[in-house]
Amino acid sequence: MKPVRATACSNIALVKYWGKRTGVSAELNLPAVGSLSMTLDALRTETELHPADADAFELDGRPVHDVQAAKVWRHLDRIWAASGRDGARPAARVVSYNRFPTAAGLASSASGFAALTIAAATAFGTDLPPAALSSLARQGSGSAARSIFGGFVRLHRGSAPDGSDCRARPLVGADHWPLTLLVVQTTAGRKPIGSTDGMERCRETSPYYSPWVATSEADLDAAEAALRARDLPALGRVVEHSCFKMHASMMATDPPLLYWNGTTVTVVHEVWQARAEGLSGYVTIDAGPHVKVLCEPTTATALRERLAAVPGVLGVIEARPGPDATAAILETTPETIPEAGREEASA
Ligand code: DP6
């Protein structure tokens with residue numbers, strides 16, 4: 001095994017993934033719906049893998065021992081198995097940093113598992129095509145399948161029981177359409193219920209879950225067409241419809257799943273008011289209280305200033321379509337993530 005450093009960007013789902021397929025192996029982590037995303041240049045994870053005497057995981061400068069670490073080892077086992085190598089997987093020290101402009105509340109399993117996947121595949125000498133890396137990343141976290149690719153990405157749900165046709169494909173590159181995504185932060189805390197548990201509860205108890213699943217494919221096709229045509233009003237309409245359908249099915253879960261806070265709602269209204277006044281942006285919200293706003297770069301600065309002034313908003317991060325995930329073998333064995341980056345990560 002070779003020491004490796006990998007980088008992967010987070011992504012925002014413009015058409016959402018929410019829910020897992022049933023009747024298939026849970027290990028495959030197959031989604032009930034497809035999804036379509038934009039990879040985000042401003043939200044990056046850097047991960048190094050080093051040969052070690054025992055497995056160890058450090059995240060943003062702190063050792064991690066709990067279930068989060070267990071998920072990392074499990075994922076390394078998966079990639080080792082996919083590499084077809086004999087014998088036990090070598091122990092590894094995993095050092096990972098979220099290079100996000102502000103760390104609070106934005107930690108991403110998408111960029112984390114994408115970076116870990118490509119780092120481990122490179123370290124183990126596994127020569128897998130990006131589509132296969134993406135499928136492996138999906139087993140760590142569904143949204144991570146999309147972060148292997150830059151630009152705009154569609155993850156197809158597929159129907160094969162072994163998941164072989166559940167594939168992420170890059171639709172258009174980062175230079176196709178330099179859209180801006182504003183991440184409007186409305187809290188510093190972590191979300192109370194993680195996506196995996198939330199999805200399961202929603203599937204089991206929400207009367208709106210089935211219609212959510214049944215109507216997703218039409219949204220994906222409409223979003224893909226609007227993306228290819230660079231038609232922001234058409235794309236924005238689907239983006240908001242997909243988001244609010246997902247949240248409606250979350251809220252109808254028993255007990256309810258409400259990921260928003262008061263500021264979330266205020267920001268949504270502010271975006272809609274700005275749009276009515278000719279400053280066009282479209283909102284989307286994940287399983288947390290932050291609001292993500294899709295807009296043209298020409299309106300980004302004015303919209304950003306307006307949203308930053310909303311009471312309760314902690315900050316606004318501006319992102320553009322980002323690059324593919326990459327990995328490189330390190331020439332030196334000692335851990336070499338630069339100190340400057342560490343300061344940025346802990347700021
Ligand atoms: C609301 O990818 O975090 O952000 O596969 O269980 O790890 P697991 O879920 P995860 O879910 C993301 C849900 C979402 C929408 C999306 O990113 O598509």
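Remember, it's a predicted structure, so these values are computed and weren't measured experimentally. In each ligand, atom 1 is the first atom listed, and ligand 1 is the first ligand listed.
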With backbone taken as N, CA, C and O and side chain as the heavy atoms from C-beta onward, which portion of Ser109 lies under 4.0 Å from ligand 1: side chain, backbone, both, or neither? side chain
Side chain, backbone, both or neither: which part of Asn29 has a heavy atom under 4.0 Å from ligand 1? side chain
So, using side-chain hydrogen bond (donor to acceptor under 3.5 Å, both in side chains) as the criterion, who are the partners of Ser134 when residues are at least two apart? none
Report the part of His247 (side chain from C-beta onward, or backbone N, CA, C, O) that has a heavy atom under 4.0 Å from ligand 1; answer both or neither where that applies. neither
Would you call the rings of Trp73 and Phe57 parallel, tilted or perpendicular, taking 30° and 60° as the class edges? perpendicular
Can you name the atoms of ligand 1, numbered from 1 with element, that are less than 4.0 Å from a heavy atom of Ala13? 16 (C), 17 (O), 18 (O)
Given that the side chain starts at C-beta and the backbone is N, CA, C, O, which of these parts of Ser143 lies under 4.0 Å from ligand 1, counting heavy atoms, or is it both or neither? both
Does Met199 have a heavy atom less than 4.0 Å from any atom of ligand 1? yes
Can you check which of Arg146, Lys71, Glu200 brings a heavy atom nearest to atom 17 (O) of ligand 1? Arg146
Is the shortest distance from a Lys or Arg side-chain nitrogen in Arg93 or Glu58 to a carboxylate oxygen in the other one below 4.0 Å? yes
Is it possible for you to say whether Phe149 and Leu14 belong to one hydrophobic cluster, with membership spreading through side-chain heavy-atom contacts below 4.5 Å? no
With His247 as partner, the option from Trp212, Tyr208, Trp260 fulfilling side chain to side chain donor-acceptor pair (under 3.5 Å) is Trp260
